[in-house]
Amino acid sequence: MTRRPGPWMVVPVAASLMLALGMTACSGATGRPEDDTSASPPEEAPAAETSAPAATPAPEETGDEVVGTSVRFTTGDVDIEVIIDEDTPTTRSFLAMLPMTLEFSDFGGKEKVATPTGEWDFTDAAGVNPQVGDLFSYTPWGNLGFFYNTDGNTFDASLTRIGSTTDVDQIELLDGQRVTIAIAR
């Protein structure tokens with residue numbers, strides 16, 4: 001006596017066949033070479049245009065001296081002039097990031113800080129004993145900041161001084177502001 005497959009066998013076979021046909025139909029593949037896009041990269045959208053001012057070449061690009069460079073931090077009625085007084089890799093990397101716009105916030109009731117997106121170079125960073133008006137970078141976090149209060153602060157090897165300002169009364173006004181930073185010409 002020969003056994004015939006029962007209905008219990010027909011259902012799994014039919015389901016498998018329908019699944020295979022459904023997957024082929026959804027793939028959109030026709031087998032034609034012109035439909036094969038696996039070898040070509042996706043098209044990129046055109047780059048967005050920005051209305052940012054043209055970048056001022058950093059002193060390292062022009063061969064200019066770094067010390068004495070004036071950098072302006074501006075927002076609304078606030079205008080802070082920083083004079084660069086250190087020619088270090090950190091200072092040069094800061095100048096190479098300019099111009100940029102950053103949002104500053106208060107840190108510890110002593111500093112106004114922001115985080116640039118550019119690359120810092122902390123080669124030979126020697127640390128600093130902070131003074132009111134110092135513009136600095138903090139090595140572990142890669143942020144940029146101003147000291148407006150240094151009560152109780154001592155030497156910190158993680159700080160790198162970039163320059164200084166006498167516009168100390170303006171530093172506290174940076175909190176929560178989007179500040180444009182550019183080399184003054």
Side-chain angles (χ1 to χ4, degrees), residues 44 47-185:
E44 292 183 20
E49 292 184 32
T50 62
S51 60
T56 303
E60 64 189 16
E61 297 169 354
T62 62
D64 292 342
E65 290 296 317
V66 172
V67 174
T69 300
S70 175
V71 177
R72 298 204 90 67
F73 290 69
T74 57
T75 182
D77 293 334
V78 177
D79 187 4
I80 299 172
E81 180 184 26
V82 171
I83 302 299
I84 303 299
D85 50 19
E86 303 282 334
D87 187 353
T88 66
T90 304
T91 300
R92 288 182 176 271
S93 61
F94 165 69
L95 293 172
M97 293 181 214
L98 302 180
M100 65 179 156
T101 300
L102 301 173
E103 185 168 330
F104 280 76
S105 60
D106 192 79
F107 184 77
K110 295 182 175 207
E111 309 166 17
K112 297 297 179 189
V113 296
T115 304
T117 57
E119 293 283 328
W120 289 102
D121 181 351
F122 293 113
T123 303
D124 299 327
V128 107
N129 187 9
Q131 303 296 312
V132 170
D134 280 352
L135 176 67
F136 66 90
S137 181
Y138 183 62
T139 306
W141 297 344
N143 63 358
L144 176 70
F146 283 103
F147 278 104
Y148 65 89
N149 176 356
T150 56
D151 291 344
N153 286 29
T154 59
F155 179 84
D156 189 335
S158 298
L159 295 172
T160 302
R161 188 167 189 266
I162 296 171
S164 63
T165 184
T166 58
D167 301 324
V168 177
D169 58 325
Q170 299 286 299
I171 294 173
E172 288 190 64
L173 302 176
L174 297 178
D175 195 27
Q177 301 296 314
R178 290 191 46 78
V179 179
T180 300
I181 308 165
I183 296 173
R185 293 287 178 199

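Residue indices begin at 1 and follow the sequence shown. Worth knowing before you read on, the calculation uses all heavy atoms, side chains too, and leaves out hydrogens, waters and symmetry mates.
Aromatic ring centres of F146 and F73: separated by under 6.0 Å.
The two atoms that bring F136 and I162 nearest to each other are C-CD1, 4.0 Å, heavy atoms only. Residues E119 and S93 share a closest heavy-atom pair of O-CB, 3.6 Å. Listed here is the closest heavy atom pair of T154 and P130: O-CD, 3.4 Å. Closest approach of E81 to D167, counting heavy atoms only: N-OD2, 2.8 Å.
In this structure a side-chain-to-backbone donor-acceptor pair under 3.5 Å is missing from D175 to E172. Side-chain atoms of T91 never come within 3.5 Å of backbone atoms of D87 as a donor-acceptor pair (strictly under, hydrogens ignored). In this structure, T75 contributes its side chain and R178 its backbone to a donor-acceptor pair below 3.5 Å.
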- Would L144 and T115 satisfy side chain to side chain contact (heavy atoms under 4.5 Å, CB included), going step by step from the backbone distance to the final call? CA-CA 6 Å; L144 176 70; T115 304; over 6 Å; no

- Can you check side chain to side chain contact (heavy atoms under 4.5 Å, CB included) on V71 and L98, steps first, answer last? CA-CA 9 Å; V71 177; L98 302 180; 3.9 Å; yes

- Task: Let me see the working for I83 and T165 under side chain to side chain contact (heavy atoms under 4.5 Å, CB included), right down to the final yes or no.
- Result: CA-CA 6 Å; I83 302 299; T165 184; over 6 Å; no

- V66 and R92: side chain to side chain contact (heavy atoms under 4.5 Å, CB included), yes or no, with the steps? CA-CA 7 Å; V66 172; R92 288 182 176 271; 3.2 Å; yes

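Two residues are said to be in side-chain contact when any heavy atoms from C-beta on lie closer than 4.5 Å; L174 and V78 meet this criterion.
In this structure, CZ on R72 lies 13.0 Å from OG1 on T180, to the nearest 0.5 angstrom. From I84, atom CD1 reaches atom CZ of R161 across 9.5 Å, with rounding to the nearest 0.5 Å. Taking CG from L135 and CD1 from I80, the interatomic distance works out to 9.5 Å, rounded to the nearest 0.5 Å. Considering OG1 of T150 and CG of D134, their distance stands at 8.5 Å, rounded to 0.5 Å. Distance check, rounded to the nearest 0.5 Å: CG of D85 to OG1 of T69 gives 10.5 Å.
Evaluation of the salt bridge (Lys or Arg N to Asp or Glu O under 4.0 Å) rule for E111 yields no partner, not counting sequence neighbours. Listed by chain and residue number, nothing satisfies the salt bridge (Lys or Arg N to Asp or Glu O under 4.0 Å) test with D121 (two or more places apart in sequence, or in another chain). Remark: N149 pairs with no residue by the side-chain hydrogen bond (donor to acceptor under 3.5 Å, both in side chains) rule, at least two apart or across chains.
Here side-chain hydrogen bond (donor to acceptor under 3.5 Å, both in side chains) pairs that include residues 135-145, with residues two or more places apart or in two chains, number zero. Counting only residues at least two apart or in different chains, ring pair (Phe, Tyr, Trp, His ring centres under 6.0 Å) contacts with residues 108-130 comprise W120-F122.
When the shell of 6.0 Å around CG of D77 is examined, it contains 12 or fewer heavy atoms from other residues, nucleotides or ligands.
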Per-pair distances, 0.1 Å, donor-acceptor, side chain in residues 102-110, under 3.5 Å, sequence neighbours excluded:
residue, atom, partner, partner atom, Å
D106, OD1, K112, NZ, 2.8
D106, OD1, Y148, OH, 2.4
D106, OD2, G109, N, 3.0
K110, NZ, D151, O, 2.2
K110, NZ, N153, OD1, 2.7

